[in-house]
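Okay, so here's the structure we're looking at.
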Amino acid sequence: MHSRLTIRRALSLATAGVFLVGCGGGGSTSANPAPPDKQILRVNDRTEPNSYDPTQQTYSYEAGVGRQVFEALLKPKADGSDVQAAAAKSYDISSDGLTYTFHLQPNAKWSDGKPVTASDWVYGYQHLLNPALAAGYVDPYFDSVIAGATHWGDFSSKSSVKDIDGFVSGLGLSAPDPSTFVIKLDHPAGYFKWVVTLWLAAPIRKDVVEQAAGGAFPSNDPTKALMWANNAATIIGNGVFKISEIAPKDHVTLVPNPYYWGGPAKLQQVIEYFIEDGNTAYSKYQTGALDMIGVPLADVTVVRGDPKLSKQANLYPRLGTWWMVANAQRPPLDNPKVRMAFAKSIDRNSLVNNVLHGVGTPTLSYIPKGMAGYDESNKVQSFDPAAAKKLLADAGVTAADLNKFKLLTRNTTGNKTINQFIVDQWNTNLGLNIQLDVVDSKTTTSRYLRKGDFDLYGPDGWGADYPDQQDWFDNYTTGACHSLNWGCAKLDGFDELVKKADAGVDQAQRNKDYAAAHKIMIDQAAIGMLYQDAEYDLIQPWVANVKSTAIDDQFLVGSFYWHDVYITTH
Amino acid sequence: MAISEGRSGRGALLPLRMSQLAGSRGGSLAIFVGKRILWMVPIVFFVILITFVLMHLAPGSPWDRTGGRQLSQAVMNNLNIKYGLDKPETEQFKLYLWNVIHFDFGLSYQYEGKSVVTLIGGGWPYTATIGFLAFLLIVPVGISLGVVAALRQNTRVDYITMGFATFAASFPNFVIGALMVVVFSVVLYKATDGNFFLPSADFGLDSHLIMPVITLSLLPIAYTARLTRASTLDTIRQDFVRTAWAKGLPERLVVIRHILKNSLIPVVTTLGPTFAFLVTGSVIVETVFNIPGIGRAFVVAVSSRDYPMILGTTVLFSVIIAVANLVVDVAYVFIDPRVRLT
């Protein structure tokens with residue numbers, strides 16, 4: 001998920017990469033489940049969701065609720081190797097790769113007991129793709145691939161009802177019978193099975209939406225279309241849990257959906273608190289008032305040294321990586337040798353050990369360890385100050401040419417700490433005198449990055465929405481000198497490879513094409529790799545059956561599989 | 001300002017008669033208050049204007065993200081249209097004013113589909129309760145510490161109270177707050193029954209109030225105590241106090257009727273802004289104790305460029321400050337009979 005890799009999160013310890021299936025709750029006092037009234041899981045979701053309408057959710061703390069209350073068609077296997085059944089019990093792909101047919105769970109029910117039908121799915125996807133609602137995650141995941149959706153960006157809430165209705169009804173979505181949902185694609189896309197695992201692609205009940213809006217409403221009215229999600233009573237979902245209470249800015253309480261097709265969850269309550277201050281959450285954990293938390297960076301060494309807490313702590317690798325960017329539009333940074341010199345003069349081991357306290361792994365690969373595409377062999381960006389100096393000399397670049405450059409730094413403690421270290425590395429290892437330029441975060445984006453007006457910038461990062469490489473390489477296709485591709489280096493042959501691999505259906509061939517693209521971007525030092533994310537979390541010993549994945553939501557360990565989690569007697 | 005000194009020779013020796021106030025002054029007081037309330041309209045207008053201009057001058061759009069991949073241009077265009085940000089800014093301003101006149105403060109950008117009124121209405125009770133309780137603590141404690149220190153000037157009592165005041169004023173409240181959390185919630189959590197002092201989450205208006213209220217009050221208590229002490233010392237040396245002592249009045253009467261009443265004027269002046277400051281919330285206290293109040297909401301709104309939320313909270317703050325100052329001005333009448341309202 002794009003934005004879940006915020007810097008704040010990275011530094012408050014983002015989690016783990018190697019799709020490890022970990023069992024949390026080490027050393028439980030007993031294996032016996034506690035009585036039902038004690039089956040309460042208390043976690044920290046950090047921030048209140050901006051919306052409870054899943055289609056409008058884009059941040060990980062929003063998915064932290066959305067994913068529990070709504071269930072997508074498929075979900076990732078715990079080891080990340082493939083998708084598995086969720087709201088759809090199976091799916092078929094037509095031989096031309098253009099038609100996906102999903103066979104829904106026969107006894108799927110909404111949290112109010114009504115059956116989930118294929119037309120609810122059509123309505124949910126139409127709601128998601130209604131341009132008037134401007135859902136943040138539609139582009140590029142859905143509009144670029146679903147038939148009829150490519151003109152999504154041409155419409156808005158200003159468009160006429162006729163235009164919106166025309167667009168929505170022209171989408172490749174259909175329900176040939178109540179238990180079959182069919183999606184037609186615009187072009188073959190080998191990764192589409194992963195797109196339908198996203199929490200925002202959920203079924204939605206038309207009658208609920210219209211009732212909350214006070215009756216039928218014009219399709220270009222975004223306010224009315226979202227009213228249903230403002231009230232716990234009208235948020236009817238098909239997920240494992242349903243919302244029983246929303247306490248604004250404080251917590252949301254989930255209780256089992258009694259009609260869930262896989263049987264009700266063991267937990268009788270999940271309370272997701274919105275505690276933004278990591279130290280406050282840490283205090284609450286220590287008193288037993290929270291069941292799992294992310295350890296604040298400053299407390300990592302304390303927890304490691306504590307005989308009791310260290311047994312409850314786990315380092316979860318994450319499918320996320322971080323890197324530095326050089327503005328390739330600005331000479332001499334347009335020269336790959338100069339960019340490579342910057343990449344080769346950072347001691348990543350020291351960064352991870354001394355700045356991140358071991359929460360993370362040094363990496364030279366853009367694709368993280370734990371998913372297809374991780375490249376261990378390419379060591380071209382490895383730490384080598386002598387070679388880095390030689391690269392600068394070869395490029396005919398002197399210190400004076402580079403000393404005018406500044407390292408653009410977002411104004412957060414985490415970013416400043418990391419960039420102090422990095423600028424010190426550059427200055428020491430390359431004999432430079434570069435300064436930090438610390439700027440308010442939004443200003444960094446709008447005034448400097450979007451306009452390409454910067455020299456060096458970082459750390460920037462990405463976390464997998466799903467473990468398919470398309471999710472990673474599309475960020476760097478050209479024509480997009482923005483978003484993650486701020487440096488905008490010219491990479492010959494890269495676009496063609498990525499385009500071919502995205503559309504491919506043969507997984508082996510796709511992997512080969514992506515690998516070639518990966519080699520281009522690393523060899524040209526389009527980005528200078530730093531480290532792979534990890535998350536250092538504490539879980540109380542009485543939480544049993546936690547199955548973590550490397551794409552879990554922030555601090556919500558094992559949230560894809562909370563259906564089976566339970567609390568032991570303690 | 002609307003305060004002028006009247007019959008200066010009358011001094012504070014004559015006690016204030018309520019009947020007098022109700023008769024001759026009552027009418028002018030009502031006119032004064034009415035005028036001041038009307039003045040709030042242009043004040044709020046300029047507050048909105050200035051906030052609006054500054055807000056739009058600040059770089060960054062509500063849809064910029066603080067890291068990772070940005071929303072696509074198509075999404076941002078659609079969001080701008082959805083929230084009317086595609087219109088020229090003058091038109092946006094006029095529209096906002098028109099809506100404010102109808103008590104419509106708009107929808108938050110950050111919280112999809114929630115109105116600013118709902119968000120502020122949900123958060124302000126917490127902020128206001130904590131601020132109000134802190135104020136109730138500050139006034140008696142701060143003033144008595146100051147008076148005691150002044151009456152026992154240069155004794156051990158004075159040194160201890162003023163030492164405490166200096167200490168409380170020099171410790172930032174995030175340090176005090178965090179220290180209290182560590183001591184009461186972590187180290188002593190068994191003694192305090194786990195939840196008793198616990199900050200945050202489940203925030204209820206009960207024992208959870210203790211730590212935030214104390215954290216919030218320490219600095220104003222210290223400030224009020226020092227100010228009261230200085231002002232009391234000033235009053236003690238006045239002729240009318242010497243006269244009061246010479247008349248053989250008991251200490252209690254001298255202190256309360258003659259010293260305190262006169263030394264409180266500067267203190268009351270600062271209590272108005274202090275009250276406004278307290279009930280509008282402290283981002284630090286609200287963050288440390290995870291209080292869902294508007295102090296933090298305001299700071300979050302600014303950093304995420306949630307324009308309607310920024311404007312809504314600023315309007316509320318300006319009204320609170322204006323009202324607090326009005327109350328102070330009216331309070332002068334009751335404390336110091338020399339003060340007349342015009």
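Residue numbers start from 1 in every chain, and the chains themselves are labelled A, B, ... in the order their sequence lines are given, proteins ahead of strands. Note that this is a predicted model, so its numbers are computed, not measured.
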| Within the side chain of A/E62, is there an N or O that forms a donor-acceptor pair under 3.5 Å with the backbone of A/Y59? | yes

| message | Whether A/K284 engages the ring of A/Y273 as a cation-pi pair (distance to the six-membered ring centre under 6.0 angstrom, angle to the ring normal within 45°) should be assessed. | response | yes

| With A/D277, which residues qualify under salt bridge (charged side-chain N to carboxylate O under 4.0 Å, His left out), at least two apart? | none

| query | Out of A/A281, A/A132, A/S157, which one racks up the most heavy-atom pairs below 4.5 Å with chain B? | reply | A/S157

| message | So does A/V439 get a backbone contact from the side chain of A/T444, meaning a donor-acceptor N/O pair under 3.5 Å? | response | yes

| message | Is it true that A/N419 and A/R410 share a donor-acceptor pair across their side chains at a distance under 3.5 Å? | response | no

| said: Salt bridge or not between A/D440 and B/R305? Use side-chain N to carboxylate O under 4.0 Å. | reply: yes

| field | salt bridge (Lys or Arg N to Asp or Glu O under 4.0 Å) contacts in which one or both residues fall within residues 75-90 of chain B, not counting sequence neighbours | value | A/K158-B/D86, B/K82-B/E112

| message | Only pairs of heavy atoms separated by less than 4.5 Å count here; which of A/A229, A/P222, A/G153 has the most with chain B? | response | A/P222

| message | Is A/N279 in contact with chain B via its backbone, its side chain, both, or neither, using a 4.5 Å heavy-atom distance? | response | neither

| request: Heavy atoms only, distances under 4.5 angstrom: which of B/S108, B/S61, B/P59, B/A74 has the most pairs with chain A? Name it, please. | output: B/P59

| So which part of A/L449 gets closer than 4.5 Å to some heavy atom of chain B, the side chain, the backbone, both or neither? | neither

| field | Side chain, backbone, both or neither of A/R42 within contact of chain B (heavy atoms, under 4.5 Å) | value | neither

| Looking at A/R447, A/K442, A/K249, which makes the most heavy-atom pairs under 4.5 Å with chain B? | A/K442

| query | Considering only heavy atoms, which portion of A/T443 lies under 4.5 Å from any heavy atom of chain B: side chain, backbone, both, or neither? | reply | both

| task | For chain B, find which of A/S441, A/S446, A/P248 contributes the most heavy-atom pairs closer than 4.5 angstrom. | result | A/S446

| task | Against chain A, work out which of B/T287, B/V300, B/L107, B/L119 has the most heavy-atom pairs shorter than 4.5 Å and name it. | result | B/T287

| query | Where the side chain of A/E276 meets the backbone of B/N290, is there a donor-acceptor pair that is under 3.5 Å apart? | reply | no

| query | Given that the side chain runs from C-beta out, which part of A/Y282 has a heavy atom under 4.5 Å from chain B: side chain, backbone, both or neither? | reply | neither

